[in-house]
Amino acid sequence: MKSAWIWIFTLISLTAMAQQEPNYEESKVPALVLPDIFLSEKGKWIRTQEDWESIRRPEIFRMFESEVYGKIPKDFDSMEFDLAQETPNPYPEIAELEEVDITVKRNGKSHTLRINLFLPKTGSKPFPVILLINYQPKYLDGRLNQEGFWPVKELIERGFATASFHAETVAPDKAETYQNGIISTLYPEQIGQADGLKAFGAWGWAAMRAMDYFEQHPKIDSKKSILVGHSRTGKTALWTSANDPRWTITYANESGCGGAALSKRKYGETVEAINRRFPYWFADNFRKYNEREEELPLDQHMLPGLIAPRAVYYSSAREDRWADPKGEYLGLSLGSRVFSEIYGKKAVFEQEFEELKGPVHLESVGYHIREGKHDLTWEDWRIFLEFVAENL
Ligand code: GTR
């Protein structure tokens, strides 16, 4: 009897393992049938900027909001900025440090989040600004940044102001506790809604509050603003910028499934895999598509168009197959049609993914793939900054 149970248990585990095994074979990628970016729900072909902005863009936005990411509420009652002085400035020669506490009130409740902002001490003001959404928890040794991942020194030396916040200060990056930030405090009515605010939306909301701070800062040129995210916060950066047109350039590094990469390719991380491990990142509705990607009424190639004509940049790492580099490139090269066909930009990706020899920097859209593993490195920043020089 006992051995029968062991058998059943082994069988169940083997079946579960077989389901979880990611596909890394191009020959097993299903033939791609993608919803057309330019065909409206009522069957109209969208060809003009006016039709794009009044018909198709809002349709696509609503689909992503309801079926993938969930809402980012825009309302609150008041906001206040306070400067703290807790951490020694690691770059006193070249930068000023502002530790900014942003307190937002709604319906009698309040939440405070911290952003760390570095401003160049020299150079021509107002400075363009780069915000990195950092999913890493606050560093235990009290550091404000990790060079490479957030290369403050190099950015300051190139004349940028740069800021960051830790995602956990608005919504902890954990299934059990993600509501213990703005979600339960400021927006409790979102809880339990199938398209309600989840962790990505909360992180995006915080990026918007950082932008509110930049907009009123005399030393910052908020019209030259760059939003950067890596991996889970790359996904977040894209959705944030789709919600908030104040970002001039949006950079998603290795954002993979639910970010840059096409879900319907089912290569590497799948919708089921991401929803199982991170059920608090996306709207609950996204789970309807677990192992049913073909039923998604959209795919990630429709996301860059929500940001257009503002610039969008993606990057991949060769060994980061979990994020599906080819799917990321396809997402952008197909999505860039909004830039070229609606906004008349020189934004056509001519090369196949397999033919890429170096970065492809076009008008308002750009891509690079570097060798190595999943990470945000100085090499990524350096290549991205070349795109920035041409597009800011
Ligand atoms: C992975 C997750 C990816 C990506 C990554 C990260 O575990 O499966 O979607 O977001 O984490 O954020 O580093």
Side-chain angles (χ1 to χ4, degrees), residues 16-17 19-24 64 68-70 131-139 145-146 148-150 164-178 198-204 206-207 227-241 250-284 286-287 289-291 293 296 299-300 303 314-332 369-370 372-377 379-381:
M17 267 166 68
Q19 274 172 3
Q20 285 162 25
E21 204 57 52
N23 173 42
Y24 289 133
F64 272 108
V68 182
Y69 299 108
L131 177 73
L132 170 71
I133 309 175
N134 191 353
Y135 66 85
Q136 297 170 345
K138 281 184 225 163
Y139 303 113
N145 76 312
Q146 184 192 316
F149 191 78
W150 182 26
S164 183
F165 66 88
H166 292 275
E168 66 186 3
T169 71
V170 270
D173 192 8
K174 285 210 176 71
E176 305 75 41
T177 52
Y178 76 97
K198 300 299 274 290
F200 283 169
W203 303 344
L227 182 61
V228 181
H230 165 61
S231 204
R232 63 197 71 186
T233 66
K235 309 178 215 281
T236 308
L238 295 171
W239 181 234
T240 305
S241 203
T250 307
Y251 173 25
N253 182 63
E254 298 159 27
S255 61
C257 180
L262 296 174
S263 302
K264 291 178 197 273
R265 273 172 51 80
K266 303 188 197 180
Y267 184 104
E269 187 170 33
T270 59
V271 171
E272 189 272 335
I274 205 165
N275 281 329
R276 183 168 26 83
R277 286 179 62 208
F278 306 104
Y280 58 98
W281 280 357
F282 297 92
D284 290 352
F286 197 35
R287 295 179 207 163
Y289 307 100
N290 287 356
E291 296 185 36
E293 283 89 345
L296 269 167
D299 209 335
Q300 300 304 115
L303 191 54
Y314 287 179
S315 49
S316 312
R318 186 84 58 194
E319 291 171 38
D320 185 18
R321 296 186 305 165
W322 183 239
D324 187 11
K326 180 171 177 173
E328 296 181 314
Y329 179 72
L330 284 173
L332 186 60
I369 179 164
R370 63 158 171 79
K373 295 194 176 16
H374 185 70
D375 196 2
L376 175 58
T377 66
E379 188 183 347
D380 293 309
W381 282 99

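The analysis underlying the following values was restricted to heavy atoms, covering all of them including side chains, and did not include hydrogens, waters or symmetry mates. Each ligand, and each atom within it, is numbered from 1 in the order the structure gives. Just so you know, residue 1 is the first one in the sequence shown, and it goes up from there.
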Say whether Tyr280 and Thr177, considering side chains only, have a donor N or O and an acceptor N or O under 3.5 Å apart. no

Is the Trp239 to Phe200 ring centre distance short of 6.0 Å? no

Under 6.0 Å between ring centres, would you say that holds for Tyr329 and Tyr314? no

Could you tell me whether Glu269 and ligand 1 have an N or O pair separated by under 3.5 Å? yes

Side chains of Asp173 and Trp281, donor plus acceptor under 3.5 Å: yes

So His166 and Tyr139, would you call those rings parallel, tilted or perpendicular, with 30° and 60° as cut-offs? perpendicular

Does any N or O of ligand 1 fall below 3.5 Å from an N or O anywhere on Trp281, backbone included? no

By number and element, which atoms of ligand 1 are closer than 4.0 Å to a non-hydrogen atom of His374? 5 (C), 6 (C), 13 (O)

Where does His230 meet ligand 1, judged by heavy-atom distances below 4.0 Å: at the side chain, the backbone, both, or neither? neither

What protein heavy atom sits nearest atom 4 (C) of ligand 1, and how far away is it? Ser231 OG, 2.9 Å

Heavy atoms only, cut-off 4.0 Å: how does Ile274 contact ligand 1, side chain, backbone, both, or neither? side chain

Identify the closest protein heavy atom to atom 11 (O) of ligand 1: which residue and atom is it, and at what distance? Arg232 NH2, 3.0 Å

Under 4.0 Å from a heavy atom of Arg277: give me the atoms of ligand 1 that qualify, with their elements. 7 (O), 8 (O)

For the atom pair CZ (Arg232) and OG (Ser255), what is the distance rounded to the nearest 0.5 Å? 12.5 Å

